[in-house]
*Asks:* 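Sharing a structure, written as structure tokens. Questions coming.
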Amino acid sequence: MSTSEPSSSNFIKTIIDEDLESGKYQKVITRFPPEPNGYLHIGHAKSICLNFGLATEYKGRCNLRFDDTNPTKEDDEYVEAIKEDVQWLGFDWGKEPLFASDYFEQLYQWALQLIKKGKAYVDSQNAEEMRVNRGTLTQAGTDSPYRNRSVEENLELFEKMKNGDFPDGSHILRAKIDMAAPNMNLRDPAMYRILHAQHHRTGDKWCIYPMYDFAHGQEDSIEGVTHSICTLEFEDHRPLYEWFLKELEIYSPQQIEFARLNLSYTVMSKRKLLQLVNDQHVEGWDDPRMPTVSGMRRRGYPAAAIRSFCERIGVGRSASWIDLSVLEDCVREQLNETAFRRQAVLNPLKVTITNYDKIEQLDAPNHPQQPERGSRKLPMSNELWIDRDDFMEDPPSKKKYFRLGPEREVRLRNSYIIKCEDFIKDENGEVVELKCSADLDTLGKNPEGRKVKGIIHWVSAQHAVKVPVRIYDRLFNQENPDKAENYLSALNPDSLQVTEALAEPSLLEAKAGETFQFERVGYFTVDSKDSAAEKPVFNRAVTLRDTWAKMK
RNA sequence: UGGGGCGUCGCCAAGCGGUAAGGCACCGGAUUUUGAUUCCGGCAUUCCCAGGUUCGAUCCCUGGCGCCCCAGCCA
């Protein structure tokens with residue numbers, strides 16, 4: 001499956017090691033429990049790598065379980081997308097994925113059990129009344145007037161709720177715990193609400209649906225999960241998680257919380273990502289600018305890069321902010337190994353080689369560090385395109401600059417060394433063409449007596465193919481978009497720039513999903529949606545590291 | 001001002017009473033037909049602050065300070 005992931009220690013492994021050693025558990029069973037109400041994002045990837053990673057490392061199992069307890073927000077489209085993403089990330093959940101909805105009957109029976117035990121009651125206050133009577137952070141709540149209904153009455157009302165005799169919101173099943181509890185979650189939390197909604201799997205079979213708190217622990221219990229790993233916000237829910245399992249007298253897994261991922265220049269809430277999609281600020285969940293797994297896949301981020309990112313950032317309990325550049329660096333790390341090298345010019349400047357009048361098919365390696373991966377033919381002629389950035393009429397520092405300039409020499413990547421003899425300007429004073437001479441004795445070898453440090457990429461004008469290229473930048477231009485008055489105001493208007501590249505002809509054969517390094521520029525992936533045979537459209541996954549840009 | 005957490009290098013993160021791992025970033029230097037990659041070297045006398053216990057504290061105690069989460073019939 002995935003390559004070697006050494007994986008450093010973290011506090012969760014310490015807990016598991018202790019549990020294994022003390023004999024509390026003999027095996028490790030985890031689970032990844034997404035709600036199918038949106039696409040997976042990089043934050044989910046962290047949880048996936050953690051949960052599946054632990055299962056692999058301890059030779060246990062990790063279940064993929066859809067937490068589909070709220071039919072008003074869930075959809076099969078999301079189920080399918082989530083399955084694809086988990087698989088693509090390189091993980092295996094075994095036979096079939098599991099669903100909370102498969103446990104609805106059992107959950108219902110358990111609710112009856114708590115009612116009979118006097119631990120649950122049907123409340124008939126409306127939502128507003130419940131809110132008011134819940135109290136505040138510093139004031140205890142007050143008991144509902146319906147709190148002491150008899151078991152019989154509760155049973156009867158709950159039965160009617162189940163049968164669909166009541167409209168949404170008219171009644172609710174609550175756990176009878178303590179309206180004065182300092183932990184708000186224990187102030188008689190809701191267990192079941194009435195929802196006359198079509199469920200993506202059970203259709204209209206149910207009119208009542210369990211709340212997260214009344215479902216999650218029992219789901220874990222049914223599946224024999226040993227370590228139920230979730231994010232920090234659920235820490236306050238743990239006493240409730242344990243309360244239900246204890247009152248139900250069933251096996252109680254251990255919940256462990258870790259800090260969720262925060263990535264700079266992006267938002268991570270599904271609600272906001274959904275809004276970006278619905279309001280068409282992006283082209284869809286898999287828009288290459290989205291922090292979704294599918295967006296990153298389309299952008300050209302390899303699964304291995306996402307895994308190594310998750311390994312690199314570690315797992316802890318303190319709120320952490322990871323810079324987007326860390327992710328990009330993981331992408332480079334992978335792509336540098338795997339991507340074939342090609343030449344393409346994004347911002348063309350014409351060059352005429354004055355002493356060269358033939359056409360040659362030069363040999364250029366697919367990957368200089370991996371010669372066994374072969375080579376391709378690179379056509380060379382006397383009219384070329386190079387990148388505008390590689391010429392300066394007046395270089396700043398004679399010493400530090402080693403690109404093209406008047407009287408300067410430079411190596412054409414995979415070709416000859418050329419010297420700029422002259423340059424031509426248009427009426428606006430802009431350089432439009434360079435006249436260069438080539439040292440014809442420098443193909444595949446260095447000249448004697450002088451060193452030419454600069455190397456530039458190029459493409460033969462008559463052979464070049466025009467290909468659409470999409471340059472992506474961060475979706476937001478504020479480090480923490482959530483800190484803006486409205487996160488939408490932090491959207492980067494220039495996050496997508498559509499342009500064209502003049503590319504070497506071999507790139508015409510590029511297949512959807514393939515990634516190439518355009519030498520000295522960056523990594524570009526053939527878009528899987530908008531490309532056709534012989535008509536590749538390229539997405540820039542990430543630039544190359546550029547220390548020269550930093551020096552300037 | 002109720003409850004639950006967190007605070008170790010610029011960013012993550014080990015450490016669990018015996019004298020500060022590692023990764024990334026950064027800074028040097030070497031190799032290089034990608035100013036990329038690779039390679040070598042450097043990079044916390046100090047662990048939010050102040051007291052205390054101890055032969056010895058990042059780890060224990062006390063008191064501060066700062067930050068995060070909780071008042072959905074969302075998960």
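Lettering of chains follows the sequences in order, A, B, ..., and the numbering in each one begins at 1.
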*Asks:* Looking for any heavy atom pair under 4.0 Å, which part of the strands does A:Gly444 touch: base, sugar-phosphate only, or nothing?
*Replies:*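 It contacts base atoms.
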
*Asks:* Suppose you measure atom P in B:C39 against the same atom in B:A71; what distance do you get, rounded to whole Å?
*Replies:* 49 Å

*Asks:* Looking at every strand, decide which applies to A:Val315 at a 4.0 Å heavy-atom threshold: base, sugar-phosphate, or nothing.
*Replies:* sugar-phosphate

*Asks:* Remember a base hit wins even if backbone is also touched, and classify A:Glu35 as base, sugar-phosphate or nothing at under 4.0 Å, heavy atoms.
*Replies:*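 Counting heavy atoms under 4.0 Å across all strands, the contact made by A:Glu35 is with sugar-phosphate only.
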
*Asks:* Would you indicate what A:Gln125 reaches in the nucleic acid, counting non-hydrogen atoms under 4.0 angstrom: base, sugar-phosphate, or nothing?
*Replies:* base

*Asks:* Taking the six-membered ring of A:Tyr265 as reference, does the cationic atom of A:Arg474 (NZ for Lys, CZ for Arg) lie under 6.0 Å from its centre and within 45° of its axis?
*Replies:*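 Flagged: A:Arg474 positioned over aromatic ring of A:Tyr265.
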
*Asks:* Please work out which of the three classes, parallel, tilted or perpendicular, describes the rings of A:Tyr39 and A:Trp285, given edges at 30° and 60°.
*Replies:*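 Taking A:Tyr39 first and then A:Trp285, their aromatic rings lie parallel (interplane angle under 30°).
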
*Asks:* Just compare B:G35, B:A75, B:U32 and give me whichever is closest to any side-chain atom of A:Arg520.
*Replies:* B:G35

*Asks:* Decide yes or no on side-chain contact (heavy atoms from CB on, under 4.5 Å) for A:Thr14 and A:Asn10, but give the supporting numbers first.
*Replies:* CA-CA 6 Å; A:Thr14 304; A:Asn10 60 50; over 6 Å; no

*Asks:* Does the ring of A:Tyr212 meet both stacking tests against the six-membered base ring of B:A75: centre distance under 5.5 Å and plane angle under 30°?
*Replies:*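 A stacking contact does not exist, since A:Tyr212 is not both close and nearly parallel to the base ring of B:A75.
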
*Asks:* Determine whether a donor-acceptor pair (one donor, one acceptor, N or O, separation below 3.5 Å) exists between the side chain of A:Gln369 and the base of B:A36.
*Replies:*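 Under the 3.5 Å cut-off, the side chain and the base do form a donor-acceptor pair.
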
*Asks:* Does A:Thr14 put a side-chain nitrogen or oxygen below 4.0 Å from OP1 or OP2 of B:G15?
*Replies:* yes

*Asks:* Within the 4.0 Å limit for protein heavy atoms, which parts of nucleotides 3-10 of chain B are touched? Write it as a string from 5' to 3', B for base, S for sugar-phosphate only, - for none.
*Replies:* BSSS----

*Asks:* Hey, which of these two, A:Asn185 or A:Lys453, hits RNA chain B nearer its 5' end, going by closest nucleotide?
*Replies:*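 Its nucleotide being nearer the 5' end, the pick is A:Lys453.
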
*Asks:* For nucleotides 17-30 of chain B, give me one character per nucleotide, 5' to 3': B if any protein heavy atom sits under 4.0 Å from the base, S if the only such contacts are to the sugar-phosphate, - if neither.
*Replies:* ------SSSS----

*Asks:* Hey, can you pull the residues of residues 157-175 of chain A with a non-hydrogen atom under 4.0 angstrom from RNA chain B?
*Replies:* A:Gly169, A:Ile172

*Asks:* Would you mind calling B:G22 syn or anti? Take O4'-C1'-N9-C4 for purines or O4'-C1'-N1-C2 for pyrimidines, and syn is within 90° of 0.
*Replies:* anti

*Asks:* Run the ring-centre check on A:Phe516 versus A:Phe524 and record whether the distance is less than 6.0 Å.
*Replies:*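 Judged by ring-centre distance (under 6.0 Å), A:Phe516 and A:Phe524 do not meet the cut-off.
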
*Asks:* Phosphate oxygens OP1/OP2 of B:A36: is one of them under 4.0 Å from a side-chain N or O of A:Thr547?
*Replies:* yes

*Asks:* So what does A:Asn414 hit on the nucleic acid, given a heavy-atom distance under 4.0 Å: a base, only sugar-phosphate, or nothing?
*Replies:* base

*Asks:* Report yes or no: is the cationic atom of A:Arg201 (NZ for Lys, CZ for Arg) closer than 6.0 Å to the six-membered ring centre of A:Phe99, at no more than 45° off its axis?
*Replies:* yes

*Asks:* If you only use heavy atoms from C-beta on, which nucleotide in B:G35, B:G15, B:C69 is closest to the side chain of A:Arg403?
*Replies:* B:G35

*Asks:* If you compare every side-chain N and O of A:Arg341 against the phosphate oxygens of B:A36 (OP1, OP2), does one of them come in below 4.0 Å?
*Replies:*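 For A:Arg341, the contact criterion (side-chain N or O under 4.0 Å from OP1 or OP2 of B:A36) is not met.
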
*Asks:* If you look at every strand shown and take non-hydrogen atoms under 4.0 Å, does A:Arg131 touch a base, only sugar-phosphate, or nothing?
*Replies:* sugar-phosphate

*Asks:* In whole angstrom, give me the gap between the C1' atoms of B:C9 and B:G22.
*Replies:* 13 Å

*Asks:* With sugar-phosphate meaning primed atoms plus P, OP1 and OP2, does A:Phe234 contact a base, only sugar-phosphate, or nothing at under 4.0 Å between heavy atoms?
*Replies:*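 Here A:Phe234 touches the bases of the nucleic acid.
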
*Asks:* Name the nucleic acid region contacted by A:Leu443, choosing base, sugar-phosphate or nothing; use a 4.0 angstrom heavy-atom cut-off, strictly under.
*Replies:*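 A:Leu443: base contact, heavy atoms under 4.0 Å.
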
*Asks:* Could you check whether any side-chain heavy atom of A:Phe158 comes within less than 4.5 Å of a side-chain heavy atom of A:Met191, counting everything from C-beta outward?
*Replies:*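 SC-SC contact between A:Phe158 and A:Met191 ruled out.
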
*Asks:* Indicate yes or no for a side-chain donor-acceptor contact from A:Glu504 to the backbone of A:Val459 under 3.5 Å, with no hydrogens or angles considered.
*Replies:*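 Checking the backbone N and O of A:Val459 against the side chain of A:Glu504, no donor-acceptor pair under 3.5 Å is found.
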
*Asks:* Report the base-pairing partner of B:C26 (Watson-Crick or G-U wobble, both distances below 3.5 angstrom), or none.
*Replies:* B:G42

*Asks:* Can you check the A:Arg332 CZ to B:U34 P distance for me, whole Å?
*Replies:*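 The distance from CZ of A:Arg332 to P of B:U34 comes to 18 Å, rounded to the nearest Å.
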
*Asks:* A:Leu261 has an atom CG; how far is it from atom P of B:C11, in whole Å?
*Replies:*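 Answer to the nearest Å: 16 Å.
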
*Asks:* Watson-Crick or G-U wobble partner for B:C60, using a 3.5 Å limit on both distances?
*Replies:* B:G52

*Asks:* Which nucleotide in the set B:U34, B:A71, B:C69 lies at the smallest distance from any side-chain heavy atom of A:Glu233?
*Replies:* B:C69

*Asks:* Does A:Arg271 have a side-chain nitrogen or oxygen under 4.0 Å from the phosphate oxygens OP1 or OP2 of B:G72?
*Replies:* no

*Asks:* Work out how far the P atom of B:C24 is from that of B:G41, and round it to whole angstrom.
*Replies:* 14 Å

*Asks:* What integer number of Å spans the P atoms of B:C68 and B:C73?
*Replies:*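 Per the computed distance, 25 Å lies between those P atoms.
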
*Asks:* Just to confirm, is there a sub-4.0 Å distance from OP1 or OP2 of B:C73 to any side-chain nitrogen or oxygen of A:Arg134?
*Replies:*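 Looking at the OP1 and OP2 atoms of B:C73, one of them is under 4.0 Å from a side-chain N or O of A:Arg134.
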
*Asks:* Does A:Gln517 make a side-chain donor-acceptor contact with the base of B:U34, cut-off 3.5 Å?
*Replies:* yes

*Asks:* Using a heavy-atom cut-off of under 4.0 Å over every strand shown, decide if A:Thr69 touches base, sugar-phosphate, or nothing.
*Replies:* sugar-phosphate

*Asks:* Does the base of B:A75 carry an N or O that pairs as donor and acceptor with the side chain of A:His237 under 3.5 Å?
*Replies:*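 Side chain to base: pair found, below 3.5 Å.
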
*Asks:* A:Tyr487 ring centre to A:Lys272 NZ or CZ under 6.0 Å, with the angle to the axis within 45°?
*Replies:*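 The answer is yes, since A:Lys272 meets both limits relative to A:Tyr487.
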
*Asks:* Hunt down the Watson-Crick or G-U wobble partner of B:C6, both distances under 3.5 Å, from any strand shown, or write none.
*Replies:*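 Answer to the pairing question: B:G66, which forms a Watson-Crick or G-U pair with B:C6.
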
*Asks:* State which of B:U34, B:G15, B:G2 makes the closest approach to the side chain of A:Leu544.
*Replies:* B:U34

*Asks:* C1' atom, B:G10 versus B:C27: distance in rounded Å?
*Replies:*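 About 13 Å, rounded to a whole number of Å.
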
*Asks:* So does A:Leu263 get a backbone contact from the side chain of A:Asp323, meaning a donor-acceptor N/O pair under 3.5 Å?
*Replies:* no

*Asks:* Rounding to a whole Å, what distance do you find between A:Leu137:CG and B:U1:P?
*Replies:* 13 Å

*Asks:* Write down the distance separating the P atoms in B:G66 and B:G29, rounded off to the nearest Å.
*Replies:*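 It works out to 45 Å between them.
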
*Asks:* Is there a side-chain contact between A:Leu50 and A:Phe258 (heavy atoms, below 4.5 Å)?
*Replies:* yes

